[in-house]
Amino acid sequence: MRTRLRTTGRTARTARPRGRAVLATALVSLALAAPAPTADAHTDPHPEPQADDPAWHTWPLGTPRDNQELRAVAALGPRDVWAVGYRGEIADSRPLVQHFDGTLWHDLAVPLATGTGQFDTVAPLAPDDVWAIGHRNDEAAFNDRALAVHFDGKAWRETPMPEQPYNISAYPFGTAAIGPADVWTVGALAQDRIANPHPLAYHWDGTEWTAAATPDPGGSAILFAAAADRAGGAWAVGVAYTDGVGRPLVEHWDGKAWRIVDIPYDPAQAHSLEGVTVLAPDDVWAVGGTSTAGGESRPVAYHWDGTAWSQAVTPAIDANLHAASADPTSGVVWAVGSQPDETTPAVLLRWDGTAWTQVPAADDPDARGASLFSVAAVPGADPVTPSAWAVGSTLPTFQTPWHAVIEGYGPPPGRIAGSRGPSVGPIP
(Lines give C-alpha, C1' and ligand atoms only; values in the text may rest on other atoms or scores of the structure.)
Protein backbone atom coordinates (compact mmCIF):
# COMPACT_ATOMS: atom_id res chain seq x y z
CA MET A 1 0.00 0.00 0.00
CA ARG A 2 1.24 3.43 -0.89
CA THR A 3 2.07 5.59 2.08
CA ARG A 4 1.86 9.29 2.62
CA LEU A 5 1.55 11.87 5.34
CA ARG A 6 -1.63 11.66 7.34
CA THR A 7 -2.89 13.13 10.58
CA THR A 8 -5.80 11.01 11.68
CA GLY A 9 -5.37 9.64 15.16
CA ARG A 10 -1.75 10.74 15.15
CA THR A 11 -0.83 8.05 17.63
CA ALA A 12 0.16 4.47 17.02
CA ARG A 13 -3.10 3.21 18.44
CA THR A 14 -5.24 5.19 16.04
CA ALA A 15 -3.10 4.91 12.94
CA ARG A 16 -4.97 4.02 9.79
CA PRO A 17 -4.14 2.04 6.69
CA ARG A 18 -4.36 5.13 4.49
CA GLY A 19 -2.07 7.63 2.91
CA ARG A 20 -1.42 10.75 4.96
CA ALA A 21 -1.34 8.71 8.16
CA VAL A 22 2.19 7.55 7.68
CA LEU A 23 4.19 10.65 8.52
CA ALA A 24 1.83 11.48 11.34
CA THR A 25 1.99 7.98 12.75
CA ALA A 26 5.68 7.46 12.07
CA LEU A 27 6.67 10.78 13.64
CA VAL A 28 3.78 12.19 15.65
CA SER A 29 3.31 8.93 17.49
CA LEU A 30 6.77 9.70 18.86
CA ALA A 31 5.62 13.19 19.67
CA LEU A 32 2.85 12.67 22.16
CA ALA A 33 3.55 13.43 25.79
CA ALA A 34 3.59 16.25 28.28
CA PRO A 35 3.40 16.61 32.05
CA ALA A 36 0.55 14.42 33.21
CA PRO A 37 -2.30 16.44 34.77
CA THR A 38 -2.58 16.33 38.50
CA ALA A 39 -5.03 14.04 40.23
CA ASP A 40 -7.32 16.90 41.17
CA ALA A 41 -8.18 17.61 37.54
CA HIS A 42 -11.84 17.83 36.63
CA THR A 43 -12.13 14.19 35.72
CA ASP A 44 -15.81 13.26 35.76
CA PRO A 45 -15.91 11.58 32.33
CA HIS A 46 -19.63 11.04 32.13
CA PRO A 47 -21.60 13.63 34.08
CA GLU A 48 -25.29 12.92 34.16
CA PRO A 49 -27.14 15.41 31.91
CA GLN A 50 -30.38 16.95 33.09
CA ALA A 51 -33.51 16.24 31.08
CA ASP A 52 -33.48 19.65 29.40
CA ASP A 53 -29.71 19.95 29.04
CA PRO A 54 -28.19 20.01 25.56
CA ALA A 55 -26.14 17.00 24.54
CA TRP A 56 -24.16 15.68 21.59
CA HIS A 57 -26.18 13.86 18.90
CA THR A 58 -25.26 12.43 15.52
CA TRP A 59 -26.81 13.99 12.43
CA PRO A 60 -27.55 12.40 9.04
CA LEU A 61 -24.98 13.14 6.37
CA GLY A 62 -26.13 14.62 3.10
CA THR A 63 -24.91 11.51 1.31
CA PRO A 64 -25.43 7.75 1.66
CA ARG A 65 -22.87 6.02 3.85
CA ASP A 66 -19.78 4.57 2.26
CA ASN A 67 -16.03 4.78 2.85
CA GLN A 68 -15.88 8.44 3.89
CA GLU A 69 -14.22 10.65 6.42
CA LEU A 70 -14.73 14.26 7.49
CA ARG A 71 -11.53 16.02 8.49
CA ALA A 72 -12.60 19.60 9.27
CA VAL A 73 -15.65 21.68 10.14
CA ALA A 74 -16.17 25.46 10.38
CA ALA A 75 -19.24 27.62 11.01
CA LEU A 76 -20.23 31.07 9.81
CA GLY A 77 -23.48 30.92 11.75
CA PRO A 78 -26.23 28.54 12.88
CA ARG A 79 -27.46 28.12 9.30
CA ASP A 80 -24.17 28.15 7.45
CA VAL A 81 -21.77 25.36 8.48
CA TRP A 82 -19.17 23.61 6.32
CA ALA A 83 -17.48 20.21 6.70
CA VAL A 84 -14.88 18.68 4.37
CA GLY A 85 -12.98 15.45 3.94
CA TYR A 86 -12.78 12.66 1.38
CA ARG A 87 -14.49 9.53 0.14
CA GLY A 88 -12.99 6.40 -1.40
CA GLU A 89 -9.69 4.56 -1.24
CA ILE A 90 -6.21 6.03 -1.34
CA ALA A 91 -5.60 5.68 -5.07
CA ASP A 92 -8.81 7.50 -5.99
CA SER A 93 -9.83 9.62 -3.01
CA ARG A 94 -12.50 12.10 -4.01
CA PRO A 95 -13.46 15.29 -2.20
CA LEU A 96 -16.30 15.24 0.31
CA VAL A 97 -18.01 18.56 1.12
CA GLN A 98 -21.06 18.88 3.36
CA HIS A 99 -23.06 22.05 4.06
CA PHE A 100 -25.62 22.65 6.84
CA ASP A 101 -28.37 25.18 6.09
CA GLY A 102 -30.03 25.18 9.52
CA THR A 103 -32.15 22.12 8.82
CA LEU A 104 -30.24 19.57 6.74
CA TRP A 105 -26.72 18.63 5.77
CA HIS A 106 -26.32 18.71 1.98
CA ASP A 107 -23.71 16.95 -0.15
CA LEU A 108 -21.99 19.30 -2.60
CA ALA A 109 -20.19 18.16 -5.73
CA VAL A 110 -16.69 19.64 -6.16
CA PRO A 111 -15.24 19.14 -9.65
CA LEU A 112 -11.45 18.76 -9.76
CA ALA A 113 -9.19 18.82 -12.80
CA THR A 114 -7.75 15.41 -11.94
CA GLY A 115 -11.03 14.05 -10.55
CA THR A 116 -9.31 13.02 -7.33
CA GLY A 117 -8.22 14.76 -4.16
CA GLN A 118 -9.11 15.18 -0.49
CA PHE A 119 -9.60 18.09 1.89
CA ASP A 120 -8.12 18.52 5.37
CA THR A 121 -9.19 22.05 6.23
CA VAL A 122 -12.02 24.46 5.43
CA ALA A 123 -12.14 28.23 5.89
CA PRO A 124 -15.43 30.07 5.23
CA LEU A 125 -15.10 33.86 5.35
CA ALA A 126 -18.60 34.52 3.94
CA PRO A 127 -21.33 32.53 2.19
CA ASP A 128 -19.70 33.45 -1.11
CA ASP A 129 -16.09 33.11 0.05
CA VAL A 130 -15.18 29.58 1.19
CA TRP A 131 -11.85 27.76 0.91
CA ALA A 132 -11.47 23.96 0.97
CA ILE A 133 -7.81 22.92 1.09
CA GLY A 134 -6.01 19.58 1.07
CA HIS A 135 -3.94 17.55 -1.37
CA ARG A 136 -4.10 15.29 -4.41
CA ASN A 137 -2.07 12.33 -5.55
CA ASP A 138 0.54 12.94 -8.26
CA GLU A 139 0.78 9.41 -9.58
CA ALA A 140 3.64 10.13 -11.98
CA ALA A 141 5.84 11.71 -9.29
CA PHE A 142 4.81 9.27 -6.57
CA ASN A 143 4.18 12.30 -4.37
CA ASP A 144 1.31 14.56 -3.31
CA ARG A 145 0.50 18.12 -4.32
CA ALA A 146 -1.31 20.84 -2.37
CA LEU A 147 -4.90 21.43 -3.47
CA ALA A 148 -7.02 24.58 -2.95
CA VAL A 149 -10.58 25.05 -4.17
CA HIS A 150 -12.63 28.24 -3.73
CA PHE A 151 -16.44 28.60 -3.57
CA ASP A 152 -17.86 31.97 -4.67
CA GLY A 153 -21.45 31.23 -3.68
CA LYS A 154 -22.28 29.62 -7.00
CA ALA A 155 -19.45 27.38 -8.13
CA TRP A 156 -16.15 25.83 -7.03
CA ARG A 157 -12.93 26.86 -8.73
CA GLU A 158 -9.57 25.14 -8.32
CA THR A 159 -6.78 27.63 -7.58
CA PRO A 160 -3.09 26.85 -8.27
CA MET A 161 -0.89 26.30 -5.23
CA PRO A 162 2.89 26.91 -5.11
CA GLU A 163 4.86 24.29 -7.01
CA GLN A 164 7.30 22.06 -5.18
CA PRO A 165 10.20 19.94 -6.49
CA TYR A 166 9.27 16.66 -8.14
CA ASN A 167 10.15 14.57 -5.05
CA ILE A 168 8.55 16.84 -2.42
CA SER A 169 4.99 16.29 -1.18
CA ALA A 170 2.94 19.21 0.14
CA TYR A 171 0.28 18.73 2.83
CA PRO A 172 -1.73 21.76 4.03
CA PHE A 173 -3.44 20.81 7.31
CA GLY A 174 -4.80 24.02 8.84
CA THR A 175 -6.05 27.42 7.70
CA ALA A 176 -6.19 30.89 9.26
CA ALA A 177 -8.51 33.25 7.40
CA ILE A 178 -7.64 36.82 8.41
CA GLY A 179 -9.57 38.39 5.54
CA PRO A 180 -10.68 37.79 1.93
CA ALA A 181 -7.24 38.76 0.65
CA ASP A 182 -5.28 37.46 3.64
CA VAL A 183 -5.51 33.70 4.16
CA TRP A 184 -2.83 31.35 5.49
CA THR A 185 -2.66 27.58 5.20
CA VAL A 186 -0.01 25.62 7.10
CA GLY A 187 1.13 22.02 7.14
CA ALA A 188 4.20 20.06 6.09
CA LEU A 189 6.51 19.46 3.17
CA ALA A 190 8.05 15.98 3.04
CA GLN A 191 10.46 14.21 0.75
CA ASP A 192 8.82 11.29 -1.05
CA ARG A 193 5.74 11.72 1.17
CA ILE A 194 7.26 10.87 4.57
CA ALA A 195 10.94 11.81 4.87
CA ASN A 196 12.38 14.92 6.53
CA PRO A 197 9.15 16.86 7.09
CA HIS A 198 9.38 20.59 7.67
CA PRO A 199 6.77 23.35 8.00
CA LEU A 200 4.68 24.53 5.07
CA ALA A 201 3.17 28.02 4.97
CA TYR A 202 1.25 29.30 1.94
CA HIS A 203 -0.43 32.71 1.72
CA TRP A 204 -3.38 33.93 -0.37
CA ASP A 205 -3.24 37.66 -1.15
CA GLY A 206 -6.51 37.87 -3.06
CA THR A 207 -4.87 36.99 -6.36
CA GLU A 208 -2.56 34.01 -5.87
CA TRP A 209 -1.06 31.57 -3.39
CA THR A 210 2.64 32.00 -2.60
CA ALA A 211 5.04 30.13 -0.33
CA ALA A 212 6.36 31.94 2.74
CA ALA A 213 9.49 31.31 4.78
CA THR A 214 9.09 29.92 8.29
CA PRO A 215 11.71 29.83 11.06
CA ASP A 216 14.03 26.85 11.30
CA PRO A 217 12.77 24.64 14.16
CA GLY A 218 16.09 22.82 14.30
CA GLY A 219 15.04 19.58 12.63
CA SER A 220 11.93 17.84 11.39
CA ALA A 221 8.64 19.57 12.16
CA ILE A 222 4.96 19.67 11.16
CA LEU A 223 2.34 22.40 11.58
CA PHE A 224 -1.11 20.91 12.18
CA ALA A 225 -3.42 23.88 12.75
CA ALA A 226 -3.74 27.64 12.38
CA ALA A 227 -6.07 30.42 13.53
CA ALA A 228 -6.33 34.17 12.97
CA ASP A 229 -5.26 36.03 16.12
CA ARG A 230 -7.97 38.74 15.82
CA ALA A 231 -5.28 41.42 15.58
CA GLY A 232 -4.23 41.02 11.95
CA GLY A 233 -1.87 38.10 12.59
CA ALA A 234 -2.11 34.34 12.94
CA TRP A 235 -1.09 31.45 15.18
CA ALA A 236 0.12 28.05 13.98
CA VAL A 237 0.85 24.99 16.14
CA GLY A 238 2.37 21.58 15.62
CA VAL A 239 5.32 19.45 16.61
CA ALA A 240 9.10 19.64 16.21
CA TYR A 241 11.56 16.84 16.85
CA THR A 242 14.80 16.50 18.78
CA ASP A 243 16.42 13.08 18.35
CA GLY A 244 13.02 11.71 17.34
CA VAL A 245 11.23 13.06 20.42
CA GLY A 246 8.47 15.57 19.80
CA ARG A 247 8.17 18.93 21.47
CA PRO A 248 5.33 21.48 21.11
CA LEU A 249 5.86 23.94 18.27
CA VAL A 250 4.11 27.33 18.28
CA GLU A 251 4.62 29.97 15.60
CA HIS A 252 3.10 33.44 15.22
CA TRP A 253 2.65 35.64 12.15
CA ASP A 254 2.76 39.32 13.09
CA GLY A 255 1.99 40.68 9.63
CA LYS A 256 5.64 40.68 8.57
CA ALA A 257 7.23 37.35 9.47
CA TRP A 258 6.66 34.04 11.20
CA ARG A 259 8.53 33.54 14.46
CA ILE A 260 8.71 30.70 16.97
CA VAL A 261 7.12 31.50 20.33
CA ASP A 262 8.43 29.75 23.44
CA ILE A 263 6.10 27.37 25.23
CA PRO A 264 6.89 25.45 28.45
CA TYR A 265 7.32 21.68 28.25
CA ASP A 266 9.19 18.82 29.88
CA PRO A 267 12.08 17.87 27.57
CA ALA A 268 12.14 14.38 29.08
CA GLN A 269 8.78 13.68 27.45
CA ALA A 270 7.36 14.00 23.95
CA HIS A 271 4.66 16.49 23.00
CA SER A 272 2.44 17.49 20.09
CA LEU A 273 -0.04 20.32 19.51
CA GLU A 274 -2.79 19.75 16.95
CA GLY A 275 -5.35 22.52 17.43
CA VAL A 276 -5.44 26.25 18.13
CA THR A 277 -8.32 28.68 18.61
CA VAL A 278 -8.62 32.36 19.52
CA LEU A 279 -11.07 34.16 21.79
CA ALA A 280 -9.10 37.43 21.73
CA PRO A 281 -5.53 38.52 20.97
CA ASP A 282 -4.67 37.87 24.63
CA ASP A 283 -6.86 34.79 25.03
CA VAL A 284 -5.70 31.87 22.88
CA TRP A 285 -5.88 28.10 23.41
CA ALA A 286 -3.69 25.37 21.90
CA VAL A 287 -4.48 21.68 22.44
CA GLY A 288 -2.81 18.37 21.74
CA GLY A 289 -1.44 15.35 23.53
CA THR A 290 1.30 13.98 25.73
CA SER A 291 2.23 10.48 26.87
CA THR A 292 3.01 9.07 30.28
CA ALA A 293 5.95 6.86 31.19
CA GLY A 294 3.54 3.93 31.07
CA GLY A 295 2.59 4.66 27.48
CA GLU A 296 -0.81 6.23 28.12
CA SER A 297 -1.75 9.47 26.44
CA ARG A 298 -2.96 12.61 28.19
CA PRO A 299 -4.82 15.58 26.69
CA VAL A 300 -2.97 18.84 27.00
CA ALA A 301 -4.18 22.44 26.75
CA TYR A 302 -2.05 25.59 26.77
CA HIS A 303 -3.27 29.17 27.23
CA TRP A 304 -1.79 32.41 25.84
CA ASP A 305 -2.53 35.50 27.94
CA GLY A 306 -0.93 38.01 25.60
CA THR A 307 2.49 37.60 27.17
CA ALA A 308 3.28 33.91 27.67
CA TRP A 309 1.96 30.38 27.25
CA SER A 310 1.05 28.31 30.31
CA GLN A 311 -0.34 24.81 30.68
CA ALA A 312 -3.84 24.32 32.05
CA VAL A 313 -5.20 21.40 34.04
CA THR A 314 -7.14 18.93 31.89
CA PRO A 315 -9.00 15.73 32.80
CA ALA A 316 -6.63 12.84 33.57
CA ILE A 317 -7.91 10.53 30.87
CA ASP A 318 -6.13 8.37 28.28
CA ALA A 319 -6.78 10.54 25.23
CA ASN A 320 -5.30 12.94 22.67
CA LEU A 321 -6.86 16.18 21.45
CA HIS A 322 -6.94 16.93 17.72
CA ALA A 323 -8.70 20.29 17.42
CA ALA A 324 -10.28 23.21 19.30
CA SER A 325 -12.79 25.95 18.59
CA ALA A 326 -13.91 28.96 20.63
CA ASP A 327 -17.04 31.10 20.82
CA PRO A 328 -15.85 34.64 21.67
CA THR A 329 -19.36 35.66 22.73
CA SER A 330 -19.82 33.03 25.44
CA GLY A 331 -16.15 32.33 26.12
CA VAL A 332 -16.79 28.60 25.71
CA VAL A 333 -14.02 26.54 24.09
CA TRP A 334 -14.53 23.02 22.74
CA ALA A 335 -11.77 20.49 22.10
CA VAL A 336 -12.16 17.09 20.44
CA GLY A 337 -10.00 14.01 20.21
CA SER A 338 -9.86 10.28 20.59
CA GLN A 339 -9.18 7.60 23.17
CA PRO A 340 -8.44 3.84 22.98
CA ASP A 341 -12.05 2.72 23.18
CA GLU A 342 -13.47 0.53 20.43
CA THR A 343 -17.05 1.46 21.34
CA THR A 344 -16.75 5.24 21.68
CA PRO A 345 -13.26 6.57 20.88
CA ALA A 346 -14.59 10.14 20.58
CA VAL A 347 -13.53 12.58 23.32
CA LEU A 348 -15.00 16.04 23.92
CA LEU A 349 -13.70 18.58 26.43
CA ARG A 350 -15.28 21.94 27.28
CA TRP A 351 -13.72 25.07 28.77
CA ASP A 352 -16.35 27.19 30.53
CA GLY A 353 -14.05 30.03 31.53
CA THR A 354 -12.98 28.31 34.73
CA ALA A 355 -12.10 24.68 34.07
CA TRP A 356 -11.80 21.97 31.43
CA THR A 357 -14.34 19.18 31.87
CA GLN A 358 -15.23 16.13 29.80
CA VAL A 359 -18.63 16.05 28.10
CA PRO A 360 -20.06 12.73 26.88
CA ALA A 361 -19.95 12.22 23.12
CA ALA A 362 -23.02 11.00 21.24
CA ASP A 363 -23.83 7.41 22.17
CA ASP A 364 -26.43 6.50 19.55
CA PRO A 365 -25.71 3.68 17.05
CA ASP A 366 -24.44 6.06 14.35
CA ALA A 367 -21.73 7.29 16.74
CA ARG A 368 -20.34 3.87 17.63
CA GLY A 369 -16.67 3.51 16.79
CA ALA A 370 -16.23 7.17 15.82
CA SER A 371 -13.20 9.37 16.45
CA LEU A 372 -13.52 13.15 16.15
CA PHE A 373 -10.94 15.25 14.31
CA SER A 374 -12.43 18.76 14.20
CA VAL A 375 -14.88 20.96 16.08
CA ALA A 376 -16.60 24.28 15.38
CA ALA A 377 -18.30 26.53 17.90
CA VAL A 378 -21.18 28.29 16.16
CA PRO A 379 -21.17 32.10 16.30
CA GLY A 380 -24.59 33.56 17.01
CA ALA A 381 -26.01 30.16 17.94
CA ASP A 382 -29.74 29.95 18.55
CA PRO A 383 -31.62 27.47 20.75
CA VAL A 384 -33.17 25.52 17.86
CA THR A 385 -29.91 24.49 16.17
CA PRO A 386 -26.65 23.05 17.57
CA SER A 387 -24.25 25.52 19.19
CA ALA A 388 -21.24 23.40 18.18
CA TRP A 389 -20.42 20.76 15.58
CA ALA A 390 -17.81 18.00 15.55
CA VAL A 391 -16.82 15.71 12.70
CA GLY A 392 -14.77 12.56 12.18
CA SER A 393 -15.19 8.96 11.11
CA THR A 394 -15.20 5.34 12.22
CA LEU A 395 -12.04 4.51 10.25
CA PRO A 396 -9.56 4.46 13.18
CA THR A 397 -11.38 1.44 14.62
CA PHE A 398 -10.89 -0.33 11.27
CA GLN A 399 -14.57 -0.82 10.59
CA THR A 400 -15.40 -1.82 7.02
CA PRO A 401 -16.88 0.11 5.44
CA TRP A 402 -16.00 3.12 7.51
CA HIS A 403 -18.23 6.16 7.43
CA ALA A 404 -18.12 9.85 8.26
CA VAL A 405 -19.73 11.11 11.46
CA ILE A 406 -21.27 14.50 12.24
CA GLU A 407 -22.22 15.35 15.83
CA GLY A 408 -24.08 18.47 16.96
CA TYR A 409 -24.30 19.87 20.49
CA GLY A 410 -27.88 20.89 21.18
CA PRO A 411 -31.27 19.57 20.11
CA PRO A 412 -31.30 16.25 18.23
CA PRO A 413 -32.08 16.36 14.52
CA GLY A 414 -35.61 15.05 15.07
CA ARG A 415 -36.56 18.33 16.74
CA ILE A 416 -35.86 20.35 13.61
CA ALA A 417 -38.55 19.96 10.99
CA GLY A 418 -37.35 18.20 7.88
CA SER A 419 -33.94 17.36 9.35
CA ARG A 420 -34.04 13.58 8.92
CA GLY A 421 -32.54 11.94 5.87
CA PRO A 422 -29.76 12.91 3.47
CA SER A 423 -30.02 15.76 1.02
CA VAL A 424 -27.84 15.65 -2.06
CA GLY A 425 -27.48 18.68 -4.28
CA PRO A 426 -26.64 22.38 -4.38
CA ILE A 427 -27.08 24.75 -1.50
CA PRO A 428 -30.76 25.73 -1.40
Side-chain angles (χ1 to χ4, degrees), residues 7-17 21 25 32 37 41-50 53-61 65 67-73 83 85 105 274-275 287-289 291-292 295-301 314-325 333-351 356-376 386-414:
T7 60
T8 301
R10 298 187 188 125
T11 68
R13 288 175 305 188
T14 53
R16 296 182 268 165
T25 55
L32 290 172
H42 300 267
T43 58
D44 183 3
H46 300 294
E48 289 295 329
Q50 300 300 313
D53 281 350
W56 286 94
H57 305 278
T58 56
W59 282 67
L61 274 71
R65 280 189 182 182
N67 291 342
Q68 308 145 329
E69 182 166 87
L70 287 169
R71 300 291 304 156
V73 61
W105 284 93
E274 303 186 30
V287 302
S291 23
T292 67
E296 291 185 336
S297 298
R298 289 288 183 267
V300 63
T314 52
I317 56 176
D318 186 3
N320 300 308
L321 299 177
H322 304 318
S325 182
V333 182
W334 286 100
V336 299
S338 56
Q339 60 187 345
D341 185 324
E342 294 297 314
T343 302
T344 308
V347 169
L348 291 131
L349 300 186
R350 184 177 186 267
W351 171 260
W356 284 98
T357 54
Q358 187 175 3
V359 177
D363 62 358
D364 53 81
D366 289 346
R368 303 290 163 75
S371 293
L372 297 175
F373 311 129
S374 181
V375 63
S387 61
W389 293 95
V391 300
S393 84
T394 61
L395 179 55
T397 50
F398 302 110
Q399 296 186 21
T400 303
W402 67 88
H403 63 86
V405 173
I406 298 176
E407 297 190 13
Y409 184 72

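- Contact of the Thr314 side chain with the Val300 side chain is not registered, since no non-hydrogen atoms from C-beta on lie closer than 4.5 Å.
- Pro299 has its side chain out of reach of Val287: every pair of non-hydrogen atoms, C-beta onward, lies at least 4.5 Å apart.
- Ala83 meets the side chain to side chain contact (heavy atoms under 4.5 Å, CB included) test with Leu70, Val73, Gln98, Trp105, Val391; sequence neighbours excluded.
- In terms of heavy atoms, Pro386 sits closest to Pro411 at N-CD, 4.3 Å.
- Side-chain atoms of Leu348 and Glu407, non-hydrogen and from C-beta on, do get closer than 4.5 Å to each other.
- Within the 4.5 Å cutoff, side-chain heavy atoms of Asp318 are placed close to those of Ser297.
- Here the CH2 atom belonging to Trp356 is positioned 6.5 Å from the CG atom belonging to Leu349, to the nearest 0.5 angstrom.
- For the side chain to side chain contact (heavy atoms under 4.5 Å, CB included) test, residues two or more places apart in sequence or in another chain that qualify with Asp364 are Thr58, Ala362, Asp366, Ala367.
- Taking NE2 from His57 and CD1 from Ile406, the interatomic distance works out to 15.0 Å, rounded to the nearest 0.5 Å.
- Below 30°, between 30° and 60°, or above 60°: for Phe373 and His322 the angle between ring planes is between 30° and 60°, a tilted geometry.
- Residues Ala361 and Ala346 come closest through the heavy atom pair CB-CB, 3.9 Å.
- With rounding to the nearest 0.5 angstrom, the CG atom of Leu395 is 8.0 Å from the CG atom of Asn67.
- Here Gln339 contributes atom CD and Asn320 contributes atom CG; the two are 10.0 Å apart, rounded to the nearest 0.5 Å.
- Closest heavy-atom contact between Ala376 and Ser325: CA-OG, 3.5 Å.
- Closest non-hydrogen pair, Ala370 versus Pro345, comes out as O-CD, 3.2 Å.
- Every side chain to side chain contact (heavy atoms under 4.5 Å, CB included) that Ala388 has, sequence neighbours left out, goes to Trp56, Trp334, Tyr409.
- With hydrogens and angles ignored, the 3.5 Å screen pairs no side-chain donor or acceptor of Gln68 with any backbone N or O of Val405.
- We find the CZ-OG1 distance between Arg368 and Thr344 to be 6.5 Å, quoted to the nearest 0.5 Å.
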